[in-house]
Each structure stands twice: as structure tokens, then as C-alpha cells.
Amino acid sequence: DSLKIYFLSRHIKYLLFFNICLRLVFLSGFFHVNKSILSAELVTSLTPCCVKTNIMFLKTHKTTSSTILNILFQFTEKHNLTIALPADQLVHLGYPETFMTRFVEEFQTIGQNYNIMCNHLRFNHLEVRSVNTFYFSIPRNPVSQLESSYVYYKDAAPAFRTSRDVNEYLASPMDYYHKGNYKENIYAKNNMWFDFGCNNNAEDNESYIQAVLEKLEQNFHLVLIADYFDESRILLKHTLCWDLDDVVYFKLNSRMWCSLDWKLYLHFNQSFWKRIQETMGLDELEKEVNLLRARQKELMETCLSDQRPVEKTRVEDKALMPFQSEAANILSYNLNQDLDNRSLTAYQKMVMPELHYMSYFYALQHPHEKGK
Ligand SMILES: *[C@@H]1O[C@H](CO)[C@@H](O)[C@H](O)[C@H]1NC(C)=O
Ligand SMILES: *[C@@H]1O[C@H](CO)[C@@H](O)[C@H](O)[C@H]1NC(C)=O
Ligand SMILES: *[C@@H]1O[C@H](CO)[C@@H](O)[C@H](O)[C@H]1NC(C)=O
Ligand SMILES: *[C@@H]1O[C@H](CO)[C@@H](O)[C@H](O)[C@H]1NC(C)=O
Ligand SMILES: *[C@@H]1O[C@H](CO)[C@@H](O)[C@H](O)[C@H]1NC(C)=O
């Protein structure tokens, strides 16, 4: 009986929720007539929260975006959503090619019904345009982004391969960076600018930068900042009406030279903090960041046998071992084996490397295709 009541109350909750969401649609249509007559604060207080489930995440390289990917994968499972996965034997959505829908598995049949798209792609707003979808991304300070890129793509990018270390490379980049190797060298200059679909070798001038940033402002509903990762997750949760547990994770994974990336970063760093001021305020942010950190600590204590990440040679469950680039030693976790089966499965997902998690979804959604 208690089970019945539980389901009934859940049902009622959903009905109420649906009703509120419907009203919101009417209200927002109404407010759109002249948004500027309402202050941001008033709109926020009038707006009930509807969990957003249609999401496009632009995953930029070496910017903690694998963690966001894991968060989105778990959200996908929790809400039984459909995810746009790379077609055939691809592991990315065509990257570094500019995104085309044909890079998505079964796009012709499932097409408009995908809820989540988050694997690596080079942004192309003409191909991913969708009215009800929430677009977001997370750039990082280009100095640390390039350093991290250098280590990870040391053997992949000719400009990195032929220099001794990142300092030598940045001391005279033109000795190592040749536009002829354009495709292999995208990690070596303005890589985030490239991921956002722009020309990473473009000239840095005011009118061009402004035009690109304006276009990005139009295409993205939210741009987070990796260097403020906890604050970013709180703002994401707040904007998408998610729960705190939806954004808990376990951490997996040259100003002049990358001047386009630097401008991108400064711009979105400013709009990030402005958005926080306008929506939740700094006090609320601090309160929730503290809650998030406490919750994360609590979960780590129950779920992990070593409280810290371990090196690849010490990962006990080989299914949890991340893809290893030659140069970068990526850390992983060992799980506490005393847990009950359900918790173990749930926690496994929290530490599962992205390629494993992606193949898991691929087998689930496309059972007739050859697995990855
Ligand atoms: C709507 O807002 C704009 C810009 O603030 C203003 O110029 C215009 O008069 C407003 N329209 C109405 C109907 O209030
Ligand atoms: C999840 O969705 C699929 C189809 O999209 C459906 O067949 C299945 O029953 C759903 N599972 C749950 C637990 O809602
Ligand atoms: C600015 O840079 C863009 C992109 O490289 C270029 O197309 C444009 O001609 C430049 N404009 C000026 C005034 O230099
Ligand atoms: C980003 O914004 C914060 C808050 O305004 C500021 O303290 C910080 O210096 C900014 N970072 C950069 C690199 O400008
Ligand atoms: C736990 O899961 C494993 C495999 O995932 C299964 O073989 C085993 O029977 C499960 N144990 C219980 C008690 O459900």
C-alpha cells in the first residue's frame, strides 16, 4: 500500500509540475512581448523551475569538460533520455570536421527526438539549431588550457612534438607551428576558438572578435568557466533546475599566442559573474557551493576505497581505466567493494571514463549496430 501511495503521490507531483510548466510557457510567451519592462529579479521570482532535459553541450578540449560529460551521461540515465552518439566506429561527432548531422548514429530515424548531445564536435550552429534546446559550454583560462593540451597532445600535434617543452614552444611558436599542418595542429593555437566553430588562425582585431562573440552570445544560453568549476556547476544546476546530486562528480581527469582564446575567456568570464549576480547572487552561490562540496565529500567517503585518485597501474577494475595518452598520466578511482549492488552500479557510473560510458549508451540505444 505504501508503494501505491508513493506512486500516486509521485503522479500528482508530476501533474502539478506539468501544470506549472504549461503555465510557464504561457507566461513566458506573454512576457516576451516586452521583456525589458520586467526586472530580471521579478522574472526569476515569478518563474517556477522546470527541469531542462534538452541539452547541447559544446565540449571544448582540456577544460574539465569530461567531467561535465559524465554529469550529463548520468542525467541521461536518470531521466531515461536519448543521447546523440557518434555514428559507426566514430568516438567523436566528427571532430575536427565541422559538425554535420550525419556524424550522429541513426540521425535520420531518431533525429528530432534526441535530448542530449555532448560528445566532442566542432560547433556548427546551422546543423545543431533547435528551438527547445539549451546550449552551453565551458571554456578555461587559455594559459592552463594550452599547458594541459601540450601534455595531452604532445605526440599528436606536430608543433608540440617538435618542441622540447611548453616554454620552448611558447618562446618561439612560429618555429614549430606551421599552418600547412593545420589539421594536426588545431590543439596548438586557439583551440577553444576552433571548437566554437571559428577560425583559430584568424587575425585578432576588434571588429572580428566582437562579431564572433556576439554570434556566440546568440547561440549559447550559458557559458561557464572551468576555473570556477564549483561555481559553474551551481550556476548550471540553478539554470537547468537540477538537483544538487545531479552535479556531483569525482574529478577524472600564452596570452599573445592564443589571443583569440584569451579574448573569448575574458568575455565569458565577465558574463559568467554577471549572470550569477543577476540570477542567484553571490551569497546564495556561496551557500550552495558549500553544500555541493560537503555532499561530494560525503559521497566520496562512502563510495571510494582510496579517498584519492590512483595511478593507472593501481586501478583494480580495468573497466574503469581511462584512455591513456602516452604522456599524460590520467588518474582513476578504486571503488569500495563492500557496497550493495545498486550503490556499486551507481558509483561505477560516477567514475566511469567517458569512452566506456559512451560505448555503454551506444550498445543500449543501438543494439543492432556493431559495438564500439
Ligand atoms: C519595450 O522596451 C523597449 C526597450 O526598452 C522600449 O523602447 C519600448 O517602448 C517598450 N515597449 C512597450 C510596449 O512598452
Ligand atoms: C525508457 O525509454 C524507453 C523508450 O525511449 C522505454 O521503452 C522504456 O520503458 C523507458 N524506461 C523507463 C524506466 O522509463
Ligand atoms: C579582421 O580580422 C578578420 C578575420 O581574420 C578579417 O577577415 C578582417 O579583414 C580583419 N579586419 C581588419 C579591419 O583588419
Ligand atoms: C574573472 O572574473 C573574476 C570576477 O570578476 C575576476 O576576479 C578575475 O580576475 C577574472 N579573471 C580574469 C583572468 O580576468
Ligand atoms: C550483483 O551483481 C552481479 C553482477 O553485476 C550479479 O552477478 C550478482 O548476482 C548480484 N548480486 C546480488 C545480490 O544481486
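Applying the salt bridge (Lys or Arg N to Asp or Glu O under 4.0 Å) test to Arg161 and every residue at least two apart in sequence or in another chain returns nothing. With sequence neighbours excluded, the residues that form a side chain to side chain donor-acceptor pair (under 3.5 Å) with Ser207 are Asn205. When the side chain to side chain donor-acceptor pair (under 3.5 Å) test is applied to Arg102, no partner is found at least two apart in sequence or on another chain. Considering only residues two or more places apart in sequence or on other chains, Glu286 meets the side chain to side chain donor-acceptor pair (under 3.5 Å) condition with none of them.
The backbone N or O of Leu355 lies less than 3.5 Å from a partner atom in the side chain of Ser359, making a donor-acceptor pair. Within the 3.5 Å criterion, the main-chain N or O of Pro142 finds no donor-acceptor partner in the side chain of Asp261. Remark: side-chain polar atoms of Asp204 are not paired, donor with acceptor, to backbone N or O of Leu260 under 3.5 angstrom. A donor-acceptor pair under 3.5 Å is formed between the side chain of Trp257 and the backbone N or O of Ala188. A donor-acceptor pair under 3.5 Å links the side-chain atoms of Thr345 to the main chain of Asn341, judged by distance alone. Using modelled atom types, no side-chain atom of Glu184 and backbone atom of Ala156 make a donor-acceptor pair closer than 3.5 Å. With Ser232 contributing its side chain and Tyr228 its backbone, the two residues share a donor-acceptor pair below 3.5 Å. The backbone N or O of Tyr182 lies less than 3.5 Å from no partner atom in the side chain of Asn185, so there is not a single donor-acceptor pair. The closest donor-acceptor contact from the side chain of Glu288 to the backbone of Ile234 lies at 3.5 Å or more, if one exists at all.
Note that the CD atom of Glu231 and the CZ atom of Phe272 stand 6.0 Å from one another [nearest 0.5 Å]. Between the CE atom of Met352 and the CE atom of Met350 there is a distance of 12.5 Å, given to the nearest 0.5 Å. In this structure, OG1 in Thr64 is found 8.5 Å from CG in Asp227, a value given to the nearest 0.5 Å. Distance check: Leu235 CG to Ile276 CD1 gives 5.0 Å after rounding to the nearest 0.5 Å. Here CG of Asn119 is found 9.5 Å from CE of Met117. Values are rounded to the nearest 0.5 Å. Put simply, NZ on Lys189 and CG on Leu146 are 11.5 Å apart, with the number rounded to the nearest 0.5 Å.
Summarising the geometry of Ala159 relative to Ser163, their closest heavy-atom pair is O-OG, 3.1 Å, with the distance given to 0.1 Å. The two residues Lys59 and Ser65 come nearest to each other via the heavy atoms CG-OG, 3.1 Å. Nearest heavy-atom pair, Val247 versus Arg233, reported as atom, atom and distance to 0.1 Å: O-NH1, 2.7 Å. Taking both residues in full, the closest heavy atoms of Lys52 and Ile55 are given as O-CD1, 3.7 Å, listed atom of the first, atom of the second, then distance. Smallest separation of non-hydrogen atoms from Leu58 and Leu121: CD1-O, 3.5 Å. When all heavy atoms of Tyr360 and Glu77 are compared, the closest pair comes out as OH-OE2, 2.7 Å.
Side-chain atoms of Ser172 and Asp175 form a donor-acceptor pair, as typed in the model, at a separation below 3.5 Å. There is no side-chain donor-acceptor pair under 3.5 Å between Asn141 and Gln145. For the residue pair Gln270/Arg275, the side-chain donor-acceptor check at 3.5 Å is not satisfied. With no hydrogens or angles considered, a side-chain donor-acceptor pair links Asn201 and Tyr177 at under 3.5 Å. In summary, the side chains of Glu105 and Tyr362 do present a donor paired with an acceptor at a separation below 3.5 Å, with no hydrogens or angles considered. Looking only at atom types and distance, the side chain of Glu168 has a donor-acceptor partner in the side chain of Tyr176 under 3.5 Å away.
Both Met174 and Val166 belong to a common hydrophobic cluster when Ile, Leu, Val, Met, Phe, Trp and Tyr are linked at side-chain heavy-atom distances under 4.5 angstrom.
Heavy-atom neighbours of Lys78 NZ from other residues, nucleotides or ligands within 6.0 Å: above the threshold of 12.
The distance between the ring centers of His79 and Phe75 falls below 6.0 angstrom. Tyr153 has its ring centre no less than 6.0 Å from the ring centre of Phe160.
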Can you list, pair by pair, the side-chain donor-acceptor contacts under 3.5 Å of residues 209-225, counting residues two or more places apart and other chains?
| residue | atom | partner | partner atom | Å |
| --- | --- | --- | --- | --- |
| Glu217 | OE2 | His267 | NE2 | 2.7 |
| Asn219 | ND2 | Lys215 | O | 3.4 |
| His221 | ND1 | Tyr135 | N | 3.0 |

Which atom pairs, one a donor and one an acceptor, fall under 3.5 Å between side chains of residues 87-97 and the rest of the protein, sequence neighbours left out?
| residue | atom | partner | partner atom | Å |
| --- | --- | --- | --- | --- |
| Tyr95 | OH | Asn191 | ND2 | 3.2 |
| Tyr95 | OH | Asp195 | OD1 | 2.5 |
| Glu97 | OE2 | Lys183 | NZ | 3.1 |

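Ring-plane geometry between Phe103 and Phe99 is classed as perpendicular, the angle between the planes exceeding 60 degrees on a 0 to 90 degree scale with a lower cut at 30.
Cys pair Cys241/Cys49: SG-SG separation is below 2.5 Å.
The residues Asp245 and Arg295 are annotated as salt-bridged, a charged nitrogen and a carboxylate oxygen being separated by less than 4.0 angstrom.
Phe73 does not carry Lys349 over the face of its six-membered ring by the limits of under 6.0 Å from the centre and within 45° of the normal.
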